[in-house]
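Counting starts at 1 for both ligands and their atoms, following the listed order. Keep in mind it's a predicted model, so treat the numbers as computed, not measured.
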Amino acid sequence: MGLTSGINNHDALRLFELIKLAFRYTFKLDFQPSMWKYISTPTFRKMMSVLDESLEVAQRLLKETQDTLEKRRQAGEEINSNSMLQRMMKVDPKLATIMSLDTMFAGVDATSNLLSAVLLCLAKNPEKQGKLREELLNIMPTKDSPLNEETMKDMPYLRAVIKEALRTYPNGLGNFRVCPTDVTLSGYNVPKGSIVVLGSNALLQDNSLYSEAEKFLPERWLRDPETGKKTPFNAFSFLPFGFGPRMCIGKRLVDLEIETSVAKLIRNFQVEFNYDASRPFKTFFFMEPAIPFRFKFTDIEH
Ligand code: HEM
């Protein structure tokens, strides 16, 4: 199977499909009642075959990447041998494969869902989209204005929009932890070893924590222009990337990817979504699109 680039890369497309299936089966096996720990159920066998195929695809993609790099090196090109992949390959090719797969599993759907969520929120709230464009036009006055570390420092409204989209359409059910000791939570004795879910999904829609929770209000994340103060909120109710030593390792990558994509798209296009969006996502283990995201993009003239 040859490595074709862009959206026609067969292996990449298959990997995306496998990731979706793995999340669905995880939901069935680990969130719904299942006997898989005692007998090999049909879903368990499907999960094993999805994981086996994912490993095969990842190994093939990594080998192709290694071969391409080797060819370029032999052709005299200077290759960055300090890249994370190169360094991991030297330590242990197995580790490199597993880390690459983990990164794909954890990152692909979450990031694309967030981009769809941000665009949907802005399409359904044109006034907020206009306000964001105003901020972006100041930073990128022309279509070819560069977006770099310096210019991206001053984009508070963009960051507030992304936070509010994460609040409106959280990526999953919440945060999970296994209790290392017996604990008492709100009067309930929770024994050591129990899985505890901090159900952010519900907290983020709670009016006592977020006033007018049903509204898309990026302003809630900004300092009050008059007092200069931020609206206080319970930091543990909003943990889209988790917390502590096991928090998301991809957060900075996501920040960069989403901020640049949204900035460029909204700077250059008016985004509309002219269909029903009352239930755009469904949640299994993670959320996934429940409708096709057929956005309409219209060029901004200047
Ligand atoms: C919008 C995008 C993303 C969201 C909302 C997100 C969210 C999360 C959350 C909530 C966790 C669990 C953290 C915890 O339990 O404290 C997590 C873990 C993780 N994420 Fe992400 N993530 C995103 C994208 C990515 C990307 C792009 C990558 C890879 C480059 C990635 C790699 C990981 C890994 C490897 C873990 C497991 C960390 C560990 O268990 O030590 N994530 N993510």
message: Could you check whether Ser100 and Thr103, counting side-chain N and O atoms only, form a donor-acceptor pair closer than 3.5 Å?
response: no
task: Look at ligand 1 and say whether Gly244 reaches it with a heavy atom at a distance under 4.0 Å.
output: no
message: For Asp52 and Ser49, which I'm curious about, is there any donor-acceptor pair between the side chains at under 3.5 Å?
response: no
field: N/O separation below 3.5 Å, Asp102 to ligand 1
entry: no
- line: With a cut-off of 2.8 Å, strictly less than, protein N/O/S atoms near atom 21 (Fe) of ligand 1 add up to 1
- prompt: Looking at ligand 1, does any of its N/O atoms fall within less than 3.5 Å of an N/O of Pro245?
  reply: no
field: Polar contact flag, side-chain donor to acceptor under 3.5 angstrom, Thr231-Arg220
entry: no
Enumerate, atom names and distances included, each donor-acceptor pair closer than 3.5 Å involving a side-chain atom of residues 189-203, sequence neighbours excluded.
| from | atom 1 | to | atom 2 | distance (Å) |
| --- | --- | --- | --- | --- |
| Asn189 | OD1 | Thr184 | OG1 | 3.1 |
| Ser194 | OG | Pro191 | O | 2.6 |
| Ser200 | OG | Leu198 | O | 3.3 |
| Asn201 | ND2 | Gly172 | O | 3.3 |

More than 12 heavy atoms of other groups within 6.0 Å of Glu149 CD: no
- request: Kindly indicate whether atom 25 (C) of ligand 1 is approached by any protein heavy atom to under 4.0 angstrom.
  value: yes
- prompt: Got more than 12 heavy atoms from elsewhere within 6.0 Å of NZ, Lys229?
  reply: no
message: We want to know whether Glu134 and Tyr157 form a side-chain donor-acceptor pair, criterion being a heavy-atom distance below 3.5 angstrom.
response: no
message: For the CE atom on Met99, are there more than 12 heavy atoms of other groups (residues, nucleotides or ligands in this structure) within a distance under 6.0 Å?
response: no
